[in-house]
Amino acid sequence: MELTTLIFVSGFLALLFAGYIVVNLKKQEDGTDAMIEISGAIKAGSTAYMKRQFRAIAIFTIILFVVLTVAINWQTGVTFITGAVFSGLAGYIGMTVSVMTNTKVANAARTGLDNAFVLAFRGGAVTGLFVVGLSLIGVTLFYQLFKDPGLIIGFGFGASLVSLFARVGGGIFTKAADVGADLVGKVEAGIPEDDPRNPAVIADNVGDNVGDCAGMGADLFESYAVTAIAAMLLGYLMNKTDVLVLYPLVLGAAGIIASIIGILFVRTVKDGRIMKAMYKGVIIAYTVAAILFYFITDYMLKGVDLVDSMGIFYSSLAGLGVAFAIIVITEYYTSQSYPPVKAIAEASQTGPATNMITGLAVGLKSTAFPVLSICAAILVSYHFGGVYGIAIAAMALLSVTGLIVTMDSYGPITDNAGGIAEMANLDPEVREVTDALDAVGNTTKAVTKGFAISSAALAALALFAAYTQEVEIAIINHDLMNKFGLEAGSSLVFDIGMPSVLIGLFIGGLLPFLFSSFCMNAVGKAAFEIVEEVRRQFKEIPGIMEKTAKPDYASCVDIVTKAALKEMTVPALIAVFTPLLVGFILGPLALGGLLVGCIVTGLLLAIQMTTGGGAWDNAKKYIEDGNYGGKGTPTHAAAIVGDTVGDPFKDTAGPALNPLIKVVNMIALLFLELIIVYGFVII
């Protein structure tokens, strides 16, 4: 069997297994009429928002398609539009299945923890498998057609752009609804989370799907595609033969097999330890992947010039190692079982200020070990495999993306299941089951975000390495040595002592902060509107609190939909135009500095936001479980305030930094030749 055939088979196997899961999920019962009605409302809101979001993205995408086709080449235009469509499709399919699964999980929770857990996990697996299957098929197909990874960079850019919109728009939607619902419902009205009397409750549940599920699906799709393309590009620049180009894709194929095996081994929960059940699948998947990587590397790379086969294998192990380390570290900082979350809960006893101070401290501290793990992976992979080794480490890290996205999509499914249980007035024991599932879901969502941003850092380093090589090639090809002050035989150096590089470094470092400020401010403005609307309904619709009148859920869904679609445009424009302006005005050296600055601060800020936000959320849930006085106390109110601050951290700005880093790097590579030929040069 040819290697490309093997890759295609693995990609389609992921889609077929996902289809098998969907068929089995459809056989499960949906529950009572009330549960079906609530789930239907969530589905209608989610579908309506996604359609409006896709229409907004389509306008931007078509404009860029024309620009890329005219300014670069038709291949880039075609790959760009395909990457955008595939990325959106992966997220939309995953979201649709998650919405279908939520009421089934709530119904299964009536019979116990095991059934509900397995259903939620398998429902999440559909998103994970579609992400890796579509991504691997798309990248491989275009390489087969064009035989040049440089011509499929557009595929990664299209995926990254849709991911950016999905993360920002979905994040604004979900967190504006969540913050508004919590501040008025829990703090002012004193009603439980997901209480049907809260007008924002449906919008909150819709947000879980369009933000966490569709957003994360598009996010990891682009991470997977961009990382594969970066590794392929470096392999192509080193050795024009297929072997180094196809090797990352074969690792991806092996990762699909490993992910499916890992998913199948996650079946039951013993002693109520849900995370332990997931770890079983993760450990099995990584073990299978490592074994397959050894045989693949020995078969493909033994005797190949420019690389040491065992060195590349060790590089892949470094990638698997950092992935597992990120999972363990993130669980430590976000799980209710460990000191960081308990410290935030304890600090809540003295009010919102101490809660937020401690939460910020936890988020800041949480950056240390992930970054050190990434540094260790870079050191090991570079030592054994050079720059190509770093790219392979990144690809190995993402090889089991199918399983990791499964863990993430499990989160919104269990969150919605809890909401349905509350709104349908199911027995308190059912809500206890869904709360236990949801508490772990907060951790798995944080784990996936840490996983995504870590892969972004390694992939961006590989992209930067490709960028530096492509700069020199473009200068030589266009005979522009004099323009850049180079003599024959000399190399272009990105020297931090050069003003242009230093300026680019500062602008790149600034970019994630500026980008995040727009995302956070958008959530704040939309949440303000939701708070005002919920207050208005409580005041003007008599009987809501007595349950004799029904709130107007649609108005809240409409408010956050309009706000998300309006506010997601500016962050996207910042991501696209900043590297172009720096490149054309200050030159390719300044643009290189920008890429490095964006990678460094983007990584740190994203980890701080996503992990800190997850810790705030679970500190609130720890108190709601009866600790430090439980629900309805001043301690609980303080934790809610901290959680509402952490919400846009972990679900809007933080996750959106991952596609931001990738978009900036992709723009630099795509427009590099135009920048070299037509841009100014400031040395």
Donor-acceptor under 3.5 Å ([X] side chain, [Y] main chain):
X      : Y      : result
Thr414 : Gly411 : yes
Ser335 : Tyr332 : no
Asp427 : Glu429 : no
Ser373 : Phe369 : yes
Gln349 : Glu346 : yes
Thr644 : Val641 : yes
Thr103 : Asp30  : yes

*With Thr401, which of Thr448, Thr406, Leu129, Val131 fulfils side-chain contact (heavy atoms from CB on, under 4.5 Å)?*
Val131
*asked:* Using the side-chain contact (heavy atoms from CB on, under 4.5 Å) definition, which of the options Thr127, Asp415, Leu437 pairs with Tyr410?
replied: Leu437
_Candidate pair Leu220 and Ile404, rule side-chain contact (heavy atoms from CB on, under 4.5 Å), full reasoning_ = CA-CA 9 Å; Leu220 265 297; Ile404 300 301; 5.7 Å; no
*Is the distance between the ring centroids of Tyr49 and Phe173 less than 6.0 Å?*
yes
Looking at every non-hydrogen atom in both residues, tell me the closest pair between [X] and [Y] and how far apart they are.
X      : Y      : value
Ala176 : Val560 : CB-CG1, 3.8 Å
Ser163 : Ala218 : CB-O, 3.5 Å
Asn102 : Ala417 : O-CB, 3.5 Å
Ile607 : Ile453 : CG1-CG2, 3.8 Å
Ile172 : Met568 : CD1-N, 4.2 Å
Gln53  : Gly170 : OE1-N, 3.8 Å

[X] side chain to [Y] side chain, donor-acceptor N/O pair below 3.5 angstrom:
X      : Y      : result
Thr354 : Thr350 : yes
Asp647 : Trp616 : no
Asn658 : Ser223 : yes

*asked:* What verdict does the side-chain contact (heavy atoms from CB on, under 4.5 Å) test give for Ile344 and Tyr622, after you've listed the backbone C-alpha separation in whole Å, the side-chain angles of each residue and the deciding distance to 0.1 Å?
replied: CA-CA 10 Å; Ile344 298 172; Tyr622 183 73; over 6 Å; no
*So Ser555 and Gln537, side-chain contact (heavy atoms from CB on, under 4.5 Å) or not? Walk me through it.*
CA-CA 10 Å; Ser555 65; Gln537 291 196 34; 3.0 Å; yes
_So, taking the atom named CD in Glu567 and the one named NZ in Lys562, what distance separates them when rounded to the nearest 0.5 Å?_
14.0 Å
*Is there side-chain contact between Thr610 and Phe649, with heavy atoms separated by less than 4.5 Å?*
no
_Which residue in the set Asp435, Asp643, Asp625 passes salt bridge (charged side-chain N to carboxylate O under 4.0 Å, His left out) when paired with Lys620?_
Asp643
*asked:* Pair Phe451, Met407 - check side-chain contact (heavy atoms from CB on, under 4.5 Å), show working.
replied: CA-CA 11 Å; Phe451 178 89; Met407 294 170 62; over 6 Å; no
